[in-house]
Every structure is written in C-alpha cells, then in structure tokens.
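Everything below concerns the one structure shown next.
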Protein chains: 2
Amino acid sequence: MDLFVKIFKALGEPTRLKILRLLAVRPMYVCELESVLGISQPRISQHLRVLKEATILRETKEAQKTFYMINGDIMETSLGDFLEFLRVDLRDLPDFKEESLRMEKLDQDSCVISCKTGQGSDLQNA
Amino acid sequence: MDLFVKIFKALGEPTRLKILRLLAVRPMYVCELESVLGISQPRISQHLRVLKEATILRETKEAQKTFYMINGDIMETSLGDFLEFLRVDLRDLPDFKEESLRMEKLDQDSCVISCKTGQGSDLQNA
DNA sequence: CCTCCCTATAAGCATCTGCTTATATAATAA
DNA sequence: TTATTATATAAGCAGATGCTTATAGGGAGG
C-alpha cells in the first residue's frame, strides 16, 4: 500500500505528469526537459527525484549528463497491481487485518440497524 | 490532465486509499466506515469529500445517513484512460501544444549535441 | 416541541509541498 | 589550471494538506 501511495502522490502533480508524459515519447536529458518544458532546472531536478523515488523513473549517467527514462512498464504493471489490490479479498491484505475483522463483525450484526449500536458491539471486541 | 491530477492526488493518501479499499468490498455508511477504520468522523467525512470531488466516489442520501460507493468502474476506466494518455501522440494532446513544438524542434537539431546550444536554438522560436 | 443520531463544516494548528535563488559537485574544454 | 556545462542540493518562503476540536444542521423519535 505504501508503494501505491508513493506512486499516486508522485503522479498527483501537474509538472510531474508533464515530465512523465514527455519521457513517454522518449528518454531525455535533464537539459532537454528544461528546454521543452521551459521551466527552471532545479524545479525539474526536484520533480525527477520524486518520480525516481517512486520507482517510476530510472536514470543513466552519461558524463556530465543524466539520462532519464520511464522504468520499464512500471505504469502498466503498477496500475494493474492496484486494480488487483482493489479486487482481492480484504482478508488477504496484511494492511487490513484489523479492518477485516471489524468489518466481518459489522456484517454479522447486520440485524442491528443503528450505527451507534454497531459501534458499541464493535467496542466489545476492541 | 487536470482530472488525472485530481484523481491521483486523491489516491495518494493512505487514509483515502483505505477508505477506497473498504468501499471496494461494498458500499457503506459513514458511521460504518468510522467503526471499521476506528478513526474520527470528521476525518472520514473530509476524505470522502476529496474522493467524491475526484469523481471516485458517489453518495446516496438515506434519511440521516449517507451511503458512499465507488463511482461505477471509475478506477478501471480512468487508469485505462491514463495509460492511453501516455501512449497517444504528443501532438494530439492540447495540454502539450507548446511542448510538442519545442520537442520537434529539439529533435530536428539533434546534430547539435550541447543542451546549451539546443536551448539557444529553441529561444529563437520563443 | 425537545432530544438524539448522523453527517458536514469551520477554525486552528503543525506539517508537508513546490517554487525560487543560491550554491555545490562533477565532468569537460580551453 | 581556469572556465564552462550539466545536474544536484540547500535554504527560505508561501501556500496546501491533514488532523483535532468544536459546532451546525437535518432527520427520527419521544
């Protein structure tokens, strides 16, 4: 889940989306991105770092230049994984261990209509 | 592009991802989410609003309760659209009109190795 | 009516984020 | 060496974000 958050956070910024879209055309040097985007070099470097730390990009050093490219089929893969994450049984997700139990308890008590009551019966098990 | 940013920004937050994952099991009332997640009601309401404004969720009012659910197949659709957005020709994206031109110019001048020079020839057209 | 229940919203606060300017680092060229 | 090119990083600041506490408002039931 943490990786999904990191990836989505990286994608949820207009400048970074633009960089990603340009690198989808072809890998580029930082200075090329600077020319094409028309924004400052530090600004680009900072966004590239975020995208790289989210495993979306990877880099290759060439002399003084740095060549940035999309990390393989990361987008297809990770977005596919995310849809799968939404589909699988909640009990199979370690991050949702407690939530899974509370939800089953809640479904058992489905005869109880009030939320307040449901919460009460839940607290008995907390 | 703005919608993509909005969607990814909404997804790039752990609490919201958890809410989304729970609603992938079944639609729920706010008070149910409160019980299952074990976090405060205002906190949930605020996150629900963000997800709703990103078109990820929709709501149905039932008396005092509000029923939240995932907005159809929004995730499959929008993530598919995003992959398509990364694939299409840059010139077909209105948001990349200027970038598209600058990039073509940059590719024309590919004989010029230096970024500095490339930037110079680009500025001639600015 | 009055009182809960459910939800939304507002205010205040601490943290995070993205930008600019300035500087550091490293490789290349003169 | 000194200067230049390419990139990364740091500092500082304004605005955004997420949380808590408090409150508002609408419906249900006594």
Side-chain angles (χ1 to χ4, degrees), chain A residues 2 5-6 8-20 23 27-54 57-69 106 112-122, chain B residues 2 5-6 8-20 23 27-54 57-69 106 112-122:
Chain A
D2 291 351
V5 169
K6 208 168 201 175
F8 287 135
K9 201 167 283 191
L11 296 176
E13 208 279 334
T15 305
R16 283 196 289 270
L17 262 197
K18 283 207 160 190
I19 291 175
L20 180 63
L23 292 178
M28 283 197 261
Y29 298 108
V30 177
C31 54
E32 289 182 310
L33 286 169
E34 194 181 347
S35 296
V36 173
L37 285 168
I39 63 180
S40 76
Q41 176 268 317
R43 187 173 158 192
I44 292 176
S45 271
Q46 285 159 5
H47 285 304
L48 286 171
R49 186 160 59 82
V50 174
L51 287 165
K52 193 177 64 181
E53 286 176 354
L57 301 183
R58 63 187 185 87
E59 62 179 8
T60 301
K61 299 276 188 185
E62 293 185 14
Q64 336 87 303
K65 296 188 182 180
T66 313
F67 203 50
Y68 279 91
M69 64 206 75
L106 196 147
V112 182
I113 292 179
S114 162
C115 264
K116 192 74 174 185
T117 324
Q119 199 173 36
S121 78
D122 179 65
Chain B
D2 291 352
V5 170
K6 210 169 201 176
F8 287 135
K9 201 167 285 193
L11 296 177
E13 208 279 333
T15 306
R16 284 196 289 270
L17 263 198
K18 282 207 161 190
I19 291 175
L20 180 64
L23 292 178
M28 284 196 260
Y29 298 107
V30 177
C31 54
E32 289 182 310
L33 286 169
E34 194 182 348
S35 297
V36 174
L37 285 168
I39 63 179
S40 77
Q41 176 268 315
R43 186 172 158 194
I44 292 176
S45 271
Q46 285 158 5
H47 285 305
L48 286 171
R49 187 160 58 83
V50 174
L51 287 166
K52 194 178 65 182
E53 286 176 354
L57 300 184
R58 66 186 184 84
E59 61 178 8
T60 303
K61 300 276 186 184
E62 292 184 15
Q64 336 89 301
K65 297 189 182 179
T66 314
F67 203 50
Y68 279 92
M69 63 207 75
L106 196 147
V112 182
I113 293 179
S114 162
C115 264
K116 193 72 175 184
T117 324
Q119 197 175 37
S121 78
D122 179 64

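Here the structure is a predicted model, which means the values were calculated and not measured. Lettering of chains follows the sequences in order, A, B, ..., and the numbering in each one begins at 1.
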Q) Given dC5(C), is OP1 or OP2 found less than 4.0 Å from the side-chain N or O atoms of Y29(B)? A) no
Q.
Below the 4.0 Å mark, does dA8(C) have OP1 or OP2 next to a side-chain nitrogen or oxygen of Y68(B)?
A. yes
Q: Take atom CZ of F67(B) and atom C1' of dC6(C), then tell me their distance rounded to the nearest Å.
A: 15 Å
Q) Step by step, would you call K65(B) with V30(B) a side chain to side chain contact (heavy atoms under 4.5 Å, CB included)? A) CA-CA 7 Å; K65(B) 297 189 182 179; V30(B) 177; over 6 Å; no
Q. Under 4.0 angstrom, heavy atoms only, what part of the nucleic acid is E62(B) near: base, sugar-phosphate, or nothing?
A. nothing
Q: Indicate, with a heavy-atom threshold strictly under 4.0 Å, whether E32(B) touches base, sugar-phosphate, or nothing.
A: nothing
Q. Reading DNA chain C 5' to 3', how would its secondary structure be written in dot-bracket notation, given Watson-Crick and G-U pairs with both distances under 3.5 Å, brackets [ ] for crossing pairs and | for partners on other strands?
A. ||||||||||||||||||||||||||||||
**Q.** Residue whose closest nucleotide on DNA chain C lies nearer the 5' end, Q64(B) versus Q64(A)
**A.** Q64(B)
**Q.** DNA chain D contacts among residues 39-47 of chain A, heavy-atom distance under 4.0 Å
**A.** Q41(A), P42(A), S45(A), Q46(A)
**Q.** Residues in contact with DNA chain D, drawn from residues 8-16 of chain A - heavy-atom cutoff 4.0 Å
**A.** none
(Q) Using 0.5 Å steps for rounding, measure from the OH atom of Y68(B) to the CZ atom of R49(B). (A) 9.5 Å
Q. According to the interplanar angle, ranging from 0 to 90°, do the rings of F8(B) and F8(A) count as parallel (below 30°), tilted (30 to 60°) or perpendicular (above 60°)?
A. parallel
**Q.** Side chains of L48(A) and L33(A) in contact at under 4.5 Å (non-hydrogen atoms)
**A.** yes
